[in-house]
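Each chain gets a letter, A, B and so on, in the order its sequence line appears, and its residues count up from 1. Computed from a prediction, not measured in an experiment: that's the story for all the values here.
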Amino acid sequence: MLTITLRDLQFRRRQFGIAVAGAAVVFGLTLLLTGMSAGLNQEIETTVHSVDADAWIVPAGIPGPFSSNVALPASTAATVAALPGVSTAVPLVRVGHEAVRPDGSRQEIGVIGLPVGGLGGNQSIPSGPGLAVVSDRLGVSEGDAIEIAGRRLRVEGTLEGASFFAGVPTVYLTVSDAQAIGFGERPLANAIVTRGTPRGPMPAGLVARSNSQIETDLRTPVKNAISTIAAIRVLMWLVAALIIGAVAYLSAIDRVRDFAVLKAVGGSSRTLAMSLMLQAVLAALLAALIAVGLARLMTPTVTIPVVFQGSAVLLLLAVAAIVGVLSSLVALRRAVAVDPALAFGG
Amino acid sequence: MAALRIQDLAIEYVQGGYVVRPIDGLDFSAEDGELVILLGPSGSGKTTLLSCMASLLRPTEGTILVGSTEVTRLSGAELEQYRRGTVGIVFQAFNLVPSLTARENVAAPLRLAGVSRADAYRRADELLERVGLSERAGHLPSRMSGGQQQRAAIARALVHDPPLIVADEPTAHLDFVQVEEVLGLIRELAAPGRLVVVATHDDRFSPLADRVIELAPKPAGEELPTRSAVLAAGDVLFAQGEPSQLIYVVEEGEIELFRPLADGGEEVLSRRGPGTWLGEMGPMLGLPRSATARAVEPSRLTGYGLQEFRRLRAAKS
């Protein structure tokens, strides 16, 4: 049975190859979309983690410092530090701006400013004014000089995958540099971040947000993008199923006479149906494997962060096998219905 | 040891809405070791009859006995078992699977029956040697001649060593050199332990046969005498499928020609009044009546034999 199945694939390798190639491209795009979806989630986690706070204190009425530009005095940090449960509190500045690379090219960036040392031992904050820790997505290296709002800053270090708002690279500065860029040197901040979670009533006009609330705040601007990606991914699965299904169906039509003969010599409908299903599953799995390579090739063409997870590849293989089975169902009915008497005649 | 007994067999099927009954009341038997030739023109039901013997089709009435097995009653696993073990089929179009080599094609029925690859290939090689194709075992059908393909197909039919082989026009696609090699092989197969039934429209093969079954008996050499027929309204003059012998000229009344439909209805083809004739094609071509003729009103007709009818027409013009 396996011989018959594999020989037939070999015999019609062009047809099979076209199906596999088509499905591989679609699967590759699906994998890329999955990677984008994971990338968007991961950059949110990376950003929140880079600040390494236990709570975020923001003006009442706003969800967080990323979706809103409402500022508060940096001196509020002292008030917050006095709250029960809080051991340290520092101001955080978050501004959107543009950076000029050494080669003169410009890049939209997100600036996060924190006092040197942050909440204690924070690696993402530069060691002094005039220095910057930048996302590797900005495309500059340690020692390079970048310019933001007319200020020259030397790159002290890079941080892998640091970005928010769908791939906009993050530049970490000291809070004074960030205030100079965002607030004209006025001592303002977008949030006060704390070590330790404040207990009891908050001072008037302030609210405390948890890390997960801040993740939601970061997700707000890209929420539509994430749900669109999810919807397109479903469509991609459908397209892949259609491609493999169409080829399985054509294969069944091509093999009607073979099936009639094999039935006439004692092959059961079930055996023949298994052969068709096996072909579709093999096509789908092969396409999925090729797709893994294709997706990596396609990654540089998108600016949204892409993260490939092993689980996504496993899911793709599983879904591909299911797609193969489902798309062969139409063809199966055709194969099962073949009348062995068809084998007679010229 | 298989003897073939066919009793009172009728096969009816529906095609394009019409009911076709190519075989009606067929009786014959053949003994083990015989080569039986089913002879008849296209449309006489040869393939249909073979399909019934191979249990790919169920006859409408009657029984087919192969040895002690009543083929017409098999179903499910028994049917599969019969198709695998008792009957081997040789097709007109060879029907080798194009993606498989000769060896793999011959081994396919064994592999489908769960025999191990090594055993199946050993048996296939043995049979290919028997049909003289040893050195072609690794070739795809597309690289073999028609005769070689048909010999490989015969090897495949023999793979389970079945007591009955049915072959449908096995030489239709072959030239005369290949016809000889294939027919020679088929003749050899019919030996004690195996009964071979070959359907063909070519009566040149008859001398090879131990038994010839004519599916469309030729009309008697002598022409029937002229006769007159008087019908009441609704009387049937002749029915579809009956042997055609006379051509009828309508003297009085009206006759309608119709075909029975699968849904029980009738399709009226035409009506014939005085001075016209009907039923001329059957006797001319040696085919059975293709439609039924029935009187619409009390009618009188004269039936002529073909020669007589021709003389009459020649005299009139």
Side-chain angles (χ1 to χ4, degrees), chain A residues 1-20 247-248 250-280 282-283 331-332 334-346, chain B residues 13 42 46-52 54-58 76-77 79-101 103-114 117 120-121 140-142 153 156-157 159-160 162 166-169 172-173 199:
Chain A
M1 188 59 244
L2 194 61
T3 317
I4 295 174
T5 306
L6 296 179
R7 286 294 188 167
D8 184 66
L9 284 184
Q10 197 183 1
F11 190 65
R12 289 183 297 108
R13 51 186 172 269
R14 273 202 198 126
Q15 203 184 39
F16 183 64
I18 291 168
V20 168
V247 170
L250 289 179
S251 162
I253 290 176
D254 267 5
R255 296 177 74 194
V256 161
R257 192 162 194 121
D258 287 3
F259 281 178
V261 175
L262 293 173
K263 275 189 188 177
V265 299
S268 64
S269 291
R270 206 173 57 101
T271 318
L272 300 177
M274 287 297 289
S275 166
L276 261 188
M277 197 181 274
L278 186 64
Q279 286 191 340
L282 278 178
L332 287 187
R334 176 98 207 184
V336 169
V338 168
D339 180 359
L342 254 182
F344 282 107
Chain B
Y13 55 85
S42 329
K46 300 186 298 291
T47 302
T48 315
L49 180 55
L50 288 186
S51 305
C52 286
S55 78
L56 302 182
L57 201 70
R58 204 176 277 275
L79 184 70
E80 233 163 68
Q81 196 50 47
Y82 173 83
R83 282 183 194 167
R84 270 181 194 168
T86 311
V87 64
I89 310 172
V90 178
F91 302 95
Q92 178 178 356
F94 321 141
N95 283 344
L96 297 174
V97 176
S99 56
L100 301 179
T101 62
R103 179 188 290 118
E104 287 162 345
N105 262 293
V106 176
L110 289 174
R111 299 283 290 138
L112 287 170
R117 179 188 299 239
Y121 284 2
L140 288 179
S142 55
R156 181 179 61 188
V159 81
H160 287 294
V166 299
D168 182 32
E169 301 272 10
H173 293 330

Which portion of L112(B) sits near chain A, non-hydrogen atoms under 4.5 angstrom: side chain
Going by salt bridge (Lys or Arg N to Asp or Glu O under 4.0 Å), name the residues that satisfy it together with R255(A), two or more places apart in sequence or in a different chain. D8(A)
Please state whether the side chain, the backbone, both or neither of L2(A) comes within less than 4.5 Å of a heavy atom of chain B. neither
Could you check whether any side-chain heavy atom of Q92(B) comes within less than 4.5 Å of a side-chain heavy atom of T47(B), counting everything from C-beta outward? no
With chain A, which of E169(B), E104(B), H160(B) has the greatest number of heavy-atom pairs at distances under 4.5 Å? E104(B)
Closer than 3.5 angstrom, by distance alone: can the side chain of N105(B) be matched with the main-chain N or O of L100(B) as a donor-acceptor pair? yes
Is there a donor-acceptor pair closer than 3.5 Å between any side-chain N or O of R12(A) and the backbone N or O of S99(B)? no
Between the side chain of R83(B) and the main-chain N/O of S55(B), is any donor-acceptor distance below 3.5 Å? yes
Mind ranking T271(A), V261(A), I4(A) by heavy-atom pairs under 4.5 Å with chain B and telling me who comes out on top? V261(A)
For chain B, the option from L272(A), V265(A), D339(A) that forms the most heavy-atom pairs under 4.5 Å: V265(A)
